2 protein chains.
Amino acid sequence: MENLLRYLNTLMPLSDESVAALMPALTRQAFRKNEYLLQEGQVCHSLFYIDNGYCRSYHVIDGIEKNTGFFFENDIATNINSFGSGKRSELNIIACEPLTAVIIDRDQLFRAAAQAPEIETLGRLCIRLFASKQEEFSTLFKLYSASERLEYVEKHHPHMLQRVSLTQLSSFLGVARETLSRIRKRRAVS
Amino acid sequence: MENLLRYLNTLMPLSDESVAALMPALTRQAFRKNEYLLQEGQVCHSLFYIDNGYCRSYHVIDGIEKNTGFFFENDIATNINSFGSGKRSELNIIACEPLTAVIIDRDQLFRAAAQAPEIETLGRLCIRLFASKQEEFSTLFKLYSASERLEYVEKHHPHMLQRVSLTQLSSFLGVARETLSRIRKRRAVS
DNA sequence: GATATTTTGTGACGATCGTCACAGCGCTGA
DNA sequence: TCAGCGCTGTGACGATCGTCACAAAATATC
């Protein structure tokens with residue numbers, strides 16, 4: 001919990017009352033490797049604050065997993081669409097390592113927001129940050145080629161390369177595993 | 001203004017007090033074709049509710065415009081990153097036709113939210129909807145090929161095809177104009 | 001309505017990518 | 001220690017894409 005509260009405080013300073021109002025919305029949970037945080041078809045009614053370990057989100061298209069995001073320590077993972085609309089999730093979120101998360105329950109969060117206006121603002125900030133990250137990777141695909149996308153991740157998210165396998169990364173970057181392997185080779189030569 | 005208020009009411013019912021609190025944040029403005037709503041290097045301190053006409057957002061990479069979004073009547077256009085963080089915008093938003101928008105000023109909006117808690121909630125809803133749209137097009141690129149992306153737009157956003165030129169659309173779909181032309185040709189045959 | 005400008009179609013060609021196939025490497029567990 | 005498994009590298013080949021070039025069609029402008 002301490003990590004989460006420290007994180008939230010970097011977003012905005014929270015009064016003791018707001019923290020007290022927030023507490024009932026929080027649950028700590030451990031996940032084994034390859035255990036689902038969210039599964040296709042379920043409704044997402046949580047924000048997952050990643051305390052330790054990391055997870056990935058992916059769609060299954062024609063039986064093939066396509067990664068759409070990685071979430072590491074101090075990130076918040078969720079399906080913003082399902083979370084907001086109450087529709088069933090079309091994507092999965094799965095632990096890539098043993099993982100511990102603080103689960104922020106949607107309904108309890110709304111109850112807390114009704115009590116403490118700071119929580120409402122906090123929720124807005126969280127969603128805005130999530131939206132900014134979405135935008136970052138959305139534009140990445142519209143603006144750059146596969147090799148430029150790799151460069152971007154190397155420069156701006158080096159930790160991702162250290163923890164994610166080439167196979168998983170290639171799915172995220174939208175290219176075949178072999179292509180990513182060759183991109184790296186081409187650069188090593190020049 | 002009426003259109004905007006009708007739109008906001010579909011998101012959540014607003015009391016007369018909330019509407020009154022919101023009014024000072026609103027300005028109606030007309031833009032000529034090719035006039036900027038937001039220019040690279042500026043800080044985005046507005047949400048643009050599109051009342052009439054449409055606009056596009058684009059980045060300039062190596063002197064080439066790359067479209068990242070189109071915004072039509074009843075959409076809200078903004079740079080969520082710049083709007084939220086106060087950093088300078090890296091993208092442009094420009095009118096593709098004569099356009100009228102209702103400009104929602106950021107600072108005034110925050111003042112209104114401090115007065116009326118409904119406005120805070122409304123702001124959160126707007127941002128969440130914006131985030132959902134971002135996610136939609138973000139996954140579009142990660143999951144599908146160029147021709148599948150065209151299919152998706154044809155099915156889910158047909159109005160876009162009717163109003164946007166092939167050249168502009170190809171930039172948005174991340175392929176060369178010629179490629180998009182050939183994709184359409186290939187399908188017409190089969 | 002004639003002209004200028006923009007938009008779209010198409011051919012050619014080289015570069016890149018996806019797919020299939022297989023080999024090597026490192027880690028894990030019996 | 002050795003077999004099994006997952007991850008990565010690489011070769012071959014066909015498909016697709018980007019680029020340059022130019023013609024045709026559609027649209028805008030006066």
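No experiment lies behind these values; they were computed from the predicted model shown.
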(request) Go through DNA chain D in 5' to 3' direction and return only the first and the last nucleotide with some atom under 4.0 Å of chain B's heavy atoms. (result)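 Answer, 5' to 3': D:dC17 to D:dA21.
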Partners passing salt bridge (Lys or Arg N to Asp or Glu O under 4.0 Å) against [X] (at least two apart in sequence or in another chain):
| X | result |
| --- | --- |
| B:Glu151 | none |
| A:Lys133 | A:Asp75 |
| A:Glu65 | A:Arg56 |

Identify all side-chain donor-acceptor contacts of residues 93-108 of chain B below 3.5 Å with residues at least two apart in sequence or on another chain.
{"unit_1": "B:Glu97", "atom_1": "OE1", "unit_2": "B:Arg163", "atom_2": "NH2", "d": "3.2"}
{"unit_1": "B:Asp105", "atom_1": "OD2", "unit_2": "B:Asp107", "atom_2": "N", "d": "3.2"}
{"unit_1": "B:Asp105", "atom_1": "OD2", "unit_2": "B:Gln108", "atom_2": "N", "d": "3.0"}
{"unit_1": "B:Arg106", "atom_1": "NH1", "unit_2": "B:Phe83", "atom_2": "O", "d": "2.4"}

(request) Give every residue pair that meets the salt bridge (charged side-chain N to carboxylate O under 4.0 Å, His left out) criterion with at least one member in residues 37-55 of chain B, sequence neighbours excluded. (result)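 Residue pairs with at least one partner in residues 37-55 of chain B: B:Arg28-B:Asp51.
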(request) May I ask you to list the residues of residues 137-167 of chain B, by number, that have any heavy atom positioned under 4.0 Å from an atom of DNA chain C? (result)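 The answer is B:Ser165, B:Leu166, B:Thr167.
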(message) Could you check whether the side chain of B:Arg184 and the base of C:dG9 have a donor-acceptor pair of N or O atoms closer than 3.5 Å, going by distance alone?
(response)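 Check fails, no donor-acceptor contact within cut-off.
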(request) Only counting residues at least two apart or in another chain, list the ones meeting ring-ring contact (aromatic ring centres under 6.0 Å, His included) with B:Tyr152. (result)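 For B:Tyr152, the residues satisfying ring-ring contact (aromatic ring centres under 6.0 Å, His included) (neighbours in sequence not counted) are B:His156.
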(request) Only counting residues at least two apart or in another chain, list the ones meeting ring-ring contact (aromatic ring centres under 6.0 Å, His included) with A:Tyr49. (result)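 A:Tyr7.
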(message) Show every ring pair (Phe, Tyr, Trp, His ring centres under 6.0 Å) that has at least one partner inside residues 112-143 of chain A, sequence neighbours left out.
(response)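 Non-adjacent pairs meeting ring pair (Phe, Tyr, Trp, His ring centres under 6.0 Å): A:Phe137-A:His157, A:Phe137-A:Phe172.
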(request) Map B:Gln168 and B:Arg182 onto DNA chain C by nearest heavy atom, then report which one ends up closer to the 5' terminus. (result)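 That would be B:Gln168.
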(message) Considering only residues two or more places apart or on different chains, which pairs with a residue in residues 118-132 of chain B satisfy side chain to side chain donor-acceptor pair (under 3.5 Å)?
(response)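 As it turns out, the side chain to side chain donor-acceptor pair (under 3.5 Å) pairs with a partner in residues 118-132 of chain B, which skip direct neighbours, are A:Glu120-B:Thr121, A:Glu120-B:Arg124, A:Thr121-B:Glu120, A:Arg124-B:Glu120, B:Ser18-B:Glu118.
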(request) Would you check if there is a donor-acceptor pair between the side chains of B:Ser145 and B:Glu148 at a distance under 3.5 Å? (result)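 Per modelled atom types, B:Glu148 and B:Ser145 side chains form a pair under 3.5 Å.
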(request) Measure from CZ on A:Arg177 to C1' on C:dA21 and round the result to the nearest Å. (result)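 About 11 Å, once rounded to whole Å.
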(request) Note down the inter-axis angle between the two ends of the helix from C:dG1-D:dC30 to C:dA30-D:dT1, five pairs each, to the nearest 10°. (result)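 Angle reported: 50°, given to the nearest ten degrees.
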